[in-house]
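Read the structure below first, then the notes.
Position 1 is the first residue of the sequence; numbering continues from there. First listed ligand is number 1; within each ligand, the first listed atom is number 1. No hydrogens, no waters, no symmetry mates; every other heavy atom, side chains included, goes into these values.
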Amino acid sequence: MFKSPQEKTISQKFCCSSSVMSGVQIEEFRAPEWVKPYISHASIPAFRVRLAQLPTPVQRFALPQEWIDHDPAASTGKFDVFVKRDDMTGSTLSGNKVRKLEFLLADAMHQRCDVIISAGGIQSNHARTTAVAARELGMEPHMFLRLKTPDQPHTAGSHGNMFLHKMVGTHVHLVPPLPYLTGLLPKMEALKEKLSETRGLASYIIPIGGSNSLGVWGYLMAWDELLHVDNVYERFDDIVLAVGSGGTASGLAIGNYLTGGKVKVHAVSVCDNAEYFHEHCNEMLRDLGLGDRTCSEEILDILDDYKGRGYALNTDEELKFCLQIAQATGVPVDPVYTLKAVLGMTTEMRNNPARFQGRRVLFIHTGGIFGLFDMRMVDHLDHAVVQTWHDERDEAKQ
Ligand SMILES: *Cc1c(COP(=O)(O)O)cnc(C)c1O
C-alpha cells in the first residue's frame with residue numbers, strides 16, 4: 001500500500017529526525033521582559049516553532065447598535081466593538097490553537113518525537129490544527145475523536161474538520177463519548193506504548209485543547225502582541241472571548257495581570273462551569289509560580305449563562321443569530337465557540353452594561369471556521385439570495 005513520506009519505519013527513524021525532514025526548525029525562545037520578574041524561570045519554555053501568521057489584524061466589529069446598546073437612541077455611553085482576528089492565524093492552520101502549538105510542538109520536536117497524539121470531539125478544531133501542524137513538521141498525527149453517540153456511522157463523515165483529517169491522513173481513532181482523564185488519556189497512553197513496541201516510534205501526547213502550562217505560553221505571547229502591536233491599554237477597556245478548555249483565557253488574564261491589569265478580561269463558557277475554569281486558571285497560576293500572588297477569581301470574569309443546549313449543541317435561534325452576525329459584519333463566527341461568545345457579549349452589553357469596565361471592547365475571534373462547515377447551518381442559510389440569472393437581452397431576442 002502507498003505510504004506517505006512522513007510514515008517512518010524504524011530504520012528510517014534513526015537516520016532522519018522529524019525536524020530535519022520537514023525543514024522547519026525550532027528556535028530558542030526568549031520570554032519578554034515583563035514576565036521575568038514574577039514567573040518562575042523553570043516554567044519558561046526553551047523552544048518555539050513558528051506556525052502562526054502573526055500579528056493578527058484588529059478590525060472594527062460592526063455589530064448593529066441595537067444589539068449592543070440598551071438605548072440605541074442615547075447620545076453617549078455607546079459600546080464600540082473591535083475584533084482581533086485570531087481566526088486568521090493561517091488557512092488550514094487557523095484559530096487560537098496554532099499559538100499554543102508553537103510551544104507544544106517545539107517541545108515534541110526537541111524531544112525528537114515522531115508521532116503526535118491528541119484528542120477532542122469529532123469536529124474538534126484543536127485536533128484538526130494539531131494534525132495539520134504535525135504533518136507540516138514531518139510528524140505522524142493520531143487523534144482520538146469522540147463520537148457524540150456510540151452509534152454514529154464509523155466513517156464520521158467528511159464535513160468540516162473531518163474533511164481536513166482525511167486530506168492530511170490523520171490516523172483517526174473513533175471512541176464513544178468518554179471523559180478525558182479516566183477514558184481518553186489511558187487510551188492515548190496505550191497507543192503511545194503500542195507505537196513504540198511495534199514500530200519503534202516516540203510519541204508526544206498533547207492534552208485536550210492544548211491547555212497545559214506549556215500551551216498557555218501561546219496566549220501569554222499573544223498578550224505581548226496585544227500590548228505592543230495592538231496598543232490594547234490605550235485603545236480598549238474590556239476584552240471578551242470564548243472559553244472551552246481554558247488555556248486561551250488563562251494566558252490573556254495572566255498576561256494582563258502581569259502588565260498592570262488595566263483591562264478587564266471576560267470569558268464566555270461554552271461547556272463546564274465557572275468553577276471549572278477558575279480551577280484551570282488557578283492551576284496555570286500555580287504552575288507559573290504565581291499562585292501566591294493572585295487567583296483566577298480576581299483576574300478573570302467568567303460568563304456562564306450562554307451555553308444554551310450544551311457543548312457543540314445549538315438552538316435554531318442561535319443558528320439564525322450566526323447568520324445575522326455574518327450578514328451584518330462580514331465576520332463569520334463558528335457555532336460552537338465564537339457564536340456563543342458574541343451572544344454572551346451582546347446580551348450582557350444590553351442587559352448588564354455595568355459588567356464592563358468601559359465601552360471600548362475588543363472581541364478575540366478564536367477561529368473555528370471549519371466547524372462552520374459541518375453542515376448544521378444548511379437549513380438556516382439564506383437560500384433566497386440564490387437565483388438563476390436571466391439575461392434580458394437574450395430573452396428579448398427570442
Ligand atoms: C478551542 C477553541 C476555543 C477555546 O479555547 P480554549 O483555550 O480551549 O479555552 C475557542 N474558540 C475556538 C474556535 C476554539 O477552537
Side-chain angles (χ1 to χ4, degrees), residues 52 56 83-90 92-104 118-133 143 145-146 160-162 164 180 206-223 239-255 265-274 276-281 283-284 296 300-304 306-307 311-312 314 322 325 331-345 363-374:
T56 55
V83 55
K84 182 162 175 73
R85 301 292 302 267
D86 268 15
D87 56 323
M88 291 192 187
T89 49
T92 43
L93 276 186
S94 65
N96 61 342
K97 305 306 182 306
V98 189
R99 291 187 189 262
K100 305 179 186 190
L101 289 167
E102 291 198 339
F103 293 96
L104 293 160
S118 196
I122 281 290
Q123 285 294 336
S124 162
N125 301 307
H126 161 71
R128 174 260 309 164
T129 316
T130 303
V132 174
M143 296 294 141
L145 301 185
R146 284 192 281 225
N161 287 302
M162 191 53 74
L164 283 167
Y180 179 68
I206 296 181
I208 274 197
S211 288
N212 60 15
S213 50
L214 197 51
V216 76
W217 281 87
Y219 272 84
L220 285 169
M221 292 315 294
W223 180 260
I239 287 181
V240 181
L241 73 155
V243 57
S245 64
T248 307
S250 299
L252 294 177
I254 294 170
V265 181
H266 311 266
V268 183
S269 65
V270 303
C271 54
D272 297 293
N273 56 32
Y276 175 88
F277 292 114
H278 281 311
E279 180 41 39
H280 178 81
C281 183
E283 193 186 321
M284 293 301 107
S296 176
L300 182 59
D301 176 33
I302 309 255
L303 282 67
D304 207 15
Y306 300 97
K307 290 190 282 271
Y311 180 69
N314 292 112
C322 194
I325 295 166
V331 178
V333 294
D334 79 293
V336 180
Y337 297 93
T338 44
L339 167 65
K340 289 180 182 176
V342 173
L343 182 66
M345 175 176 76
F363 180 77
I364 312 287
H365 194 318
T366 41
I369 187 75
F370 297 105
L372 188 56
F373 292 84
D374 75 349

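Defined by atom type and a distance below 3.5 Å, a donor-acceptor pair is missing between the side-chain atoms of His280 and Ser245. In this model, a donor atom of one side chain and an acceptor atom of the other lie less than 3.5 Å apart for Asn125 and Asn161. Counting only N and O atoms by type, the side chains of Ser211 and Lys100 include a donor and acceptor under 3.5 Å apart. Side-chain contact annotation: Thr366 with Asp86, donor-acceptor N/O pair under 3.5 Å absent.
The shortest non-hydrogen separation linking Met143 to Ala131 is CE-N, 4.1 Å. Closest approach of Leu145 and Ala127 over heavy atoms only: CD2-CB, 3.7 Å. Residue Val268 comes nearest to Lys340 through the heavy atom pair CG1-O, 3.6 Å, listed as atom of the first residue, atom of the second, then distance.
Protein heavy atom in closest approach to atom 8 (O) of ligand 1: Ser245 OG, 2.5 Å. Closest to atom 5 (O) of ligand 1, if we only count protein heavy atoms, is Asn96 ND2, 3.0 Å. Lys97 NZ, 2.4 Å is the protein heavy atom nearest to atom 2 (C) of ligand 1.
Listed by number with element, the atoms of ligand 1 under 4.0 Å from a non-hydrogen atom of Gly244 are 4 (C), 6 (P), 8 (O), 9 (O). Those atoms of ligand 1 with a heavy atom of Thr248 less than 4.0 angstrom away are 5 (O), 6 (P), 7 (O). Ligand 1 places these atoms under 4.0 Å from at least one heavy atom of Val243: 9 (O). Those atoms of ligand 1 that come under 4.0 Å of a heavy atom in Gly247, given as number and element, are 7 (O), 9 (O). Shown in contact with Gly368 at under 4.0 Å from a heavy atom are these atoms of ligand 1, numbered in order with element: 13 (C). Counting atoms of ligand 1 from 1 in the listed order, those under 4.0 Å from a heavy atom of Lys100 are 6 (P), 7 (O), 8 (O). Annotation for ligand 1: atoms under 4.0 Å from non-hydrogen atoms of Thr366 are 10 (C), 11 (N), 12 (C), 13 (C).
Looking at Asn125 against ligand 1, only its side chain comes within 4.0 Å, counting heavy atoms. When heavy-atom distances to ligand 1 are checked against a 4.0 Å cut-off, His126 has no atom that comes that close, whether in backbone or side chain. Proximity of Val270 to ligand 1, defined as any heavy-atom pair under 4.0 Å, is not found for any part of the residue.
Contact analysis puts Gly246 in contact with ligand 1, with a non-hydrogen atom separation below 4.0 angstrom. Using a 4.0 Å cutoff on heavy atoms, Thr338 does not count as a contact of ligand 1. Put simply, no part of Gly95 is less than 4.0 Å from ligand 1, judged by heavy atoms.
Nearest residue to atom 12 (C) of ligand 1 from Tyr337, Phe277, Phe370, Tyr219 is Tyr337 (criterion: closest heavy atom).
Proximity of a side-chain donor or acceptor of Thr89 to a complementary backbone N or O of Gly95 within less than 3.5 Å is detected.
Using cut-offs of 30° and 60° on the angle between ring planes, the pair Tyr337 and Tyr311 is perpendicular.
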Dump the intermediate steps for side chain to side chain contact (heavy atoms under 4.5 Å, CB included) on Ser94 and Asp87, then the final yes or no. CA-CA 6 Å; Ser94 65; Asp87 56 323; 5.8 Å; no
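For ligand 1, none of its N or O atoms has an N or O atom of Gly209 under 3.5 Å away.
Counting heavy atoms from C-beta on, the side chains of Leu241 and His365 never come closer than 4.5 Å.
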